[in-house]
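One structure is given below, encoded as structure tokens.
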There are 2 protein chains.
Amino acid sequence: MKAKKTRTRRGRPLKEDGADDKQQRILDSAEERFSVHGFDGVTIRDVAAGAGVDTALLHYYFETKKGLFDAVFRRRAEILNRMRIESLNAYEQKFGSKVTVEGAVAAFTDPLFDLAAQGDVRWKHYFALLAQVNNTPVWGGKTMARYFDPVIQRLIEIVRIALPTASAADLYWSYHFLSGALTLTLSQTGRIDRLSDGVCRSSDFRAVHERMAPFIAAGFHAVCGGKKRK
Amino acid sequence: MKAKKTRTRRGRPLKEDGADDKQQRILDSAEERFSVHGFDGVTIRDVAAGAGVDTALLHYYFETKKGLFDAVFRRRAEILNRMRIESLNAYEQKFGSKVTVEGAVAAFTDPLFDLAAQGDVRWKHYFALLAQVNNTPVWGGKTMARYFDPVIQRLIEIVRIALPTASAADLYWSYHFLSGALTLTLSQTGRIDRLSDGVCRSSDFRAVHERMAPFIAAGFHAVCGGKKRK
DNA sequence: GTCTATAACTGGATAGAC
DNA sequence: GTCTATCCAGTTATAGAC
């Protein structure tokens with residue numbers, strides 16, 4: 001249904017239509033539902049129905065509901081991390097000591113916006129899921145940290161080149177604002193559509209894309225001492 | 001059923017120990033639990049236990065679980081709205097045509113930070129709840145809009161004085177970033193504590209307070225055309 | 001691997017006593 | 001107003017057939 005169709009070839013453990021296909025369909029179904037209703041708002045039954053399988057199969061693959069959630073979270077986190085690390089590395093390699101805050105922020109966010117703009121709904125679901133987890137007390141912070149702290153530290157490393165005199169506290173708080181802004185954008189609540197009476201649309205990632213890096217970079221400079229503006 | 005106990009008296013509704021006291025305890029208990037676990041993560045039974053009453057009483061006052069949630073949300077929303085509108089009005093009255101973006105943003109956020117700094121845990125719970133709702137798909141956007149759009153429009157009105165040439169889209173997207181940054185801060189996930197290895201603390205609202213307005217104001221200027229920086 | 005059937009339990013909600 | 005007692009729909013999870 002989702003179609004991935006790794007037709008029989010070589011190398012890779014050939015996972016054509018059988019087992020693994022269903023496993024992915026379960027993950028897709030779960031991803032969509034978790035992203036909309038949160039962990040507690042979703043039932044195993046509904047996930048199973050969405051994937052066209054029985055609930056027992058979910059337990060067979062993922063043992064518990066929590067296990068399923070973790071698998072959903074992990075699947076794309078790993079892909080995303082690779083892309084972002086690569087993007088940041090490439091950016092630094094290209095500009096060396098002449099990196100800018102805006103460039104670094106763009107390198108950090110571009111992979112997300114590219115994926116979103118590409119139109120694969122499953123990535124959109126995943127982003128909405130991230131947004132929720134990022135704002136979830138108790139386990140949300142831990143979960144995010146576990147997977148995403150390395151990329152963030154890498155971003156801050158690069159920003160430090162552009163802002164060598166900035167204090168650690170200023171840098172981390174600035175990142176925090178970036179994280180919040182990014183997260184709300186990814187959560188796609190339709191909030192801004194109503195608020196702006198249709199002038200802006202949540203789904204318009206291009207509009208966000210062109211504004212986010214300049215906005216955030218200016219904030220970094222204002223807080224971290226660059227060219228003061230206060 | 002909404003119960004408000006229109007006791008015969010006048011002036012202060014005198015709420016000693018009786019009914020209204022329990023009603024408030026229920027709301028406090030619910031507020032705390034919803035803010036931590038979200039709507040679906042909380043049981044009526046647990047709320048009742050936390051308030052030291054029976055579940056039947058919650059139904060007596062609030063009819064349904066959703067009714068309880070709405071009552072929790074509304075209670076402080078109204079107080080908050082009054083404070084923020086007053087703060088924004090006072091700011092504009094004082095500065096007239098000489099308002100700044102930074103000043104307007106500060107007038108918008110100060111009431112929140114003041115309440116948070118004041119140390120009342122119930123307000124902290126409420127803020128965490130707002131953060132979750134703001135990032136909740138489906139009904140989150142609607143709920144936020146219903147209560148908070150007027151204050152936001154008021155903020156934007158004032159920002160417009162400082163940035164008369166800004167486009168509506170730029171203004172709304174900038175507000176969107178502000179909203180995300182503010183929201184994540186209020187959600188108190190402890191995320192930044194870990195990330196910064198203790199340099200920053202989620203609970204340190206003073207640290208956020210002094211950085212937020214300059215950061216956001218610089219962003220507004222960068223995006224809305226003030227003094228370009230790109 | 002996948003499904004059927006069901007166990008074991010939890011949740012929101014209500015009728016009715018006090 | 002407040003609680004006791006209870007209903008019953010819906011939940012996760014598993015044993016066991018195919």
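Chain letters run A, B, ... following the sequence lines, proteins first, then strands; residues in each count from 1. Quick caveat: nothing in here was measured; it's all calculated off a predicted structure.
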From the list R122(A), R75(A), K124(A), salt bridge (charged side-chain N to carboxylate O under 4.0 Å, His left out) with E31(A) holds only for R75(A)
Starting from C1' on dA13(D), measure out to OH on Y61(A) and report it in whole angstrom. 18 Å
Let me have a per-nucleotide readout for nucleotides 11-18 of chain C, 5' to 3', with B, S or -, counting only protein heavy atoms under 4.0 Å. BBBB----
What class does the angle between the rings of F39(B) and F69(B) fall in, given that below 30° is parallel, 30 to 60° is tilted and above 60° is perpendicular? perpendicular
Find the distance L58(B):CG to dC3(D):P and express it as a whole number of Å. 10 Å
For dT2(C) and Y60(A) - does any side-chain N or O of the residue sit under 4.0 Å from the phosphate oxygens OP1/OP2? no
note: L57(A), atom CG; dT12(D), atom P; distance rounded to Å ~ 16 Å
Checking R84(A) against F108(A): charged group under 6.0 Å from the ring centre and within 45 degrees of the axis? yes
T189(B): which residues meet the side-chain contact (heavy atoms from CB on, under 4.5 Å) condition with it, sequence neighbours left out? S187(B), R191(B)
Is it the case that R74(B) places NZ or CZ above or below the six-membered ring of Y147(B), under 6.0 angstrom from the centre and within 45 degrees of the axis? no
Side-chain heavy-atom pair F205(A), L186(A) within 4.5 angstrom cut-off: yes
How many Å lie between CD on Q23(A) and P on dT2(C), as a whole number? 9 Å
